[in-house]
Number of protein chains: 2
Amino acid sequence: MADRLAADIQAGRFSAGSWLKQIDLQNRYAANRSEVRKALVSLATKRLIQYEPNRGYYVHHEDDALSDEIRDLRVMLETAAADYIVAKATVADIASLRQLAEQFLKLLPTGTIMDIYEANLAFHTALLVASGNRALVELVRDLRLRTPPAPASQWSTRARIEQSGQEHLEMVDALEARNAEKLKAIISLHIQQ
Amino acid sequence: MADRLAADIQAGRFSAGSWLKQIDLQNRYAANRSEVRKALVSLATKRLIQYEPNRGYYVHHEDDALSDEIRDLRVMLETAAADYIVAKATVADIASLRQLAEQFLKLLPTGTIMDIYEANLAFHTALLVASGNRALVELVRDLRLRTPPAPASQWSTRARIEQSGQEHLEMVDALEARNAEKLKAIISLHIQQ
DNA sequence: GTGCACTATATTGGTGCCAATTTTGGTGAA
DNA sequence: TTCACCAAAATTGGCACCAATATAGTGCAC
């Protein structure tokens, strides 16, 4: 239930600043009170929601400054990971990544925004997995949850999405050439758009 | 109470693999059951402890592989932060850092291992604060909790501690010279020891 | 003595209830 | 109207209890 709530929050299905009343959550997710409290505590420690004693939990939607900081963290981590990826990725990893990049591009004309978002996430996750650092994969996943998701802020234009897809392919090319510096440059631009 | 429990776990005051029984925690920290459950859920989402349904929470003490991964994450973040620190640190920040570095060295002959640990933490925290990224400070603090603390594994010898203190000064020097690359190199060596 | 089924105990997990606190709504006076 | 004040409703927080589950212990058959 914590995962579903997190997904709903990230998807913007709760208006900013709204209180998450335990009874509502109980009904919405068909959960008992214990599960609801667990999920709330968990998401609060992940800083997805905030807590005030005797008042409850509310969705915060980080201010722009903090969102920028978190985006910077992602740039730091994913560019630093490039060295590991270049060093450790097998040819099979690279082939798999190229397939995911192509799948992303293939979805552009027909897929829903959600499909495209999923494909993008799959590519980036696979890229991080190739670094061989499991903690890194988890960490970036958690950081992603704390920033507004793609449909809202990023990807404003179709042209931008198209370019994102091309950048995925460029990343795979740089990785195949074992060019860590180029890979870092593309990743940095890609995240900061 | 979650903080105290976290500190006790990190200090190794619970034997590895031992179950954290709610009643024991209730007595130990003079807390009610709700607080205990909150703390357990919170520390589990921070991956400080692990959870098995219908069995409870236990301290895990990450295996060496995962500890290495987390240490790598710290190197990634703190070296990447060097660019921001060099760009943003004020002369006042640098003076304050130098003072903290000297305070660390001053404690070596007389201070307890805990005092020295605190002084070390204060220096590193201040260094990260100078990057201007609040999320980064929090993130590294949480990552630190997941690795065995200094007294146990690192700082095996007095000579090593002494060297750590010198490296702190070198960091401040590199920062004052606005030499990001040198700062990164020292930080990387310092964390990986 | 060993293995197995069964019972007893311990621990977690869920539920209902009530107290404490906050919010909301309403009433009246300036 | 607008503000202060008070009462009513809603919500969280803590508590006690019971159910569900896992572990430990006991005795029995072989």
Side-chain angles (χ1 to χ4, degrees), chain A residues 1-63 66 138 141-142 145-146 148, chain B residues 1-63 66 138 141-142 145-146 148:
Chain A
M1 116 122 230
D3 290 339
R4 284 193 290 158
L5 177 55
D8 283 347
I9 290 170
Q10 212 221 1
R13 281 191 272 273
F14 290 94
S15 53
S18 65
W19 291 95
L20 297 170
K21 293 176 195 159
Q22 297 183 4
I23 297 186
D24 294 346
L25 299 177
Q26 228 170 309
N27 297 332
R28 176 166 190 160
Y29 300 104
N32 56 43
R33 192 101 179 255
S34 309
E35 288 179 295
V36 170
R37 288 184 183 178
K38 250 191 197 180
L40 288 172
V41 172
S42 180
L43 297 193
T45 64
K46 281 187 183 169
R47 309 217 182 257
L48 222 81
I49 58 181
Q50 290 204 240
Y51 170 66
E52 287 187 18
N54 286 318
R55 297 191 61 197
Y57 300 81
Y58 63 95
V59 300
H60 180 49
H61 284 157
E62 318 276 18
D63 54 290
L66 200 52
E138 289 175 12
R141 175 164 45 70
D142 287 347
L145 282 176
R146 295 175 60 187
Chain B
M1 114 126 236
D3 290 339
R4 283 194 289 159
L5 177 56
D8 284 348
I9 290 170
Q10 214 221 359
R13 282 191 271 273
F14 290 95
S15 53
S18 64
W19 291 96
L20 297 169
K21 294 175 195 160
Q22 299 182 4
I23 297 185
D24 294 346
L25 299 178
Q26 227 170 305
N27 297 332
R28 176 165 190 159
Y29 300 104
N32 56 42
R33 192 104 178 252
S34 308
E35 287 179 293
V36 170
R37 288 184 185 178
K38 250 191 194 180
L40 289 171
V41 172
S42 180
L43 296 193
T45 63
K46 281 187 183 170
R47 309 215 182 258
L48 221 80
I49 58 180
Q50 291 204 243
Y51 171 65
E52 286 188 20
N54 287 317
R55 296 193 62 197
Y57 299 82
Y58 61 96
V59 299
H60 181 45
H61 285 159
E62 317 277 17
D63 53 288
L66 201 51
E138 288 175 14
R141 175 166 45 71
D142 286 348
L145 282 177
R146 294 176 60 187

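Convention: sequence-line order gives letters A, B, ...; per-chain numbering from 1.
- Side-chain contact between Y57(A) and V36(A) is absent, with no heavy atoms from C-beta onward closer than 4.5 Å.
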May I have the step-by-step check of side chain to side chain contact (heavy atoms under 4.5 Å, CB included) for R146(A) and L48(A), ending in yes or no? CA-CA 6 Å; R146(A) 295 175 60 187; L48(A) 222 81; 4.1 Å; yes
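- In this structure, CZ of R37(B) is placed 15 Å from P of dG13(D), rounded to the nearest angstrom.
- If you measure from atom CD1 of I23(B) to atom P of dT9(C), you get 16 Å, rounded to the nearest angstrom.
- Residue-to-nucleotide proximity on DNA chain C shows that, of N54(A) and Y51(B), the 5′-proximal contact is made by Y51(B).
- For dT23(C), one of the phosphate oxygens OP1 or OP2 lies less than 4.0 angstrom from a side-chain nitrogen or oxygen of R55(A).
- Among the atoms of the strands shown, none is found under 4.0 Å from any heavy atom of E35(A).
- If you check every strand for non-hydrogen atoms under 4.0 Å, L40(A) touches nothing.
- On a pure distance criterion of 3.5 Å, no polar donor-acceptor pair joins the side chain of R33(B) and the base of dG14(D).
- Within the model, atoms CG of D142(A) and CZ of R47(B) stand 7.0 Å from one another, a figure rounded to the nearest 0.5 Å.
- If you measure from atom CD of E52(A) to atom C1' of dG13(D), you get 15 Å, rounded to the nearest angstrom.
- If you measure from atom CH2 of W19(A) to atom C1' of dT22(C), you get 10 Å, rounded to the nearest angstrom.
- Contact record, F14(A) with H61(A): O-CE1, 3.8 Å, taken as the closest heavy-atom pair.
- Distance, K21(A) NZ to dT23(C) P: 11 Å, rounded to whole Å.
- For dT11(C), neither phosphate oxygen OP1 nor OP2 lies less than 4.0 angstrom from any side-chain nitrogen or oxygen of Y58(B).
- The shortest side-chain heavy-atom distance between L145(A) and L43(A) does not fall under the 4.5 Å cut-off.
- Look at NZ on K38(B): it is 18 Å from C1' on dG13(C), rounded to the nearest Å.
- Between N32(B) and dG13(D), a side-chain N or O to OP1/OP2 separation shorter than 4.0 Å is absent.
- Place P53(B) and Y57(A) on DNA chain D by their nearest nucleotides, and Y57(A) ends up nearer the 5' end.
- The CD atom of Q22(B) sits 14 Å away from the C1' atom of dT21(D) (whole-angstrom rounding).
- One can place CG of D24(B) at 13 Å from C1' of dT12(C), the figure rounded to the nearest angstrom.
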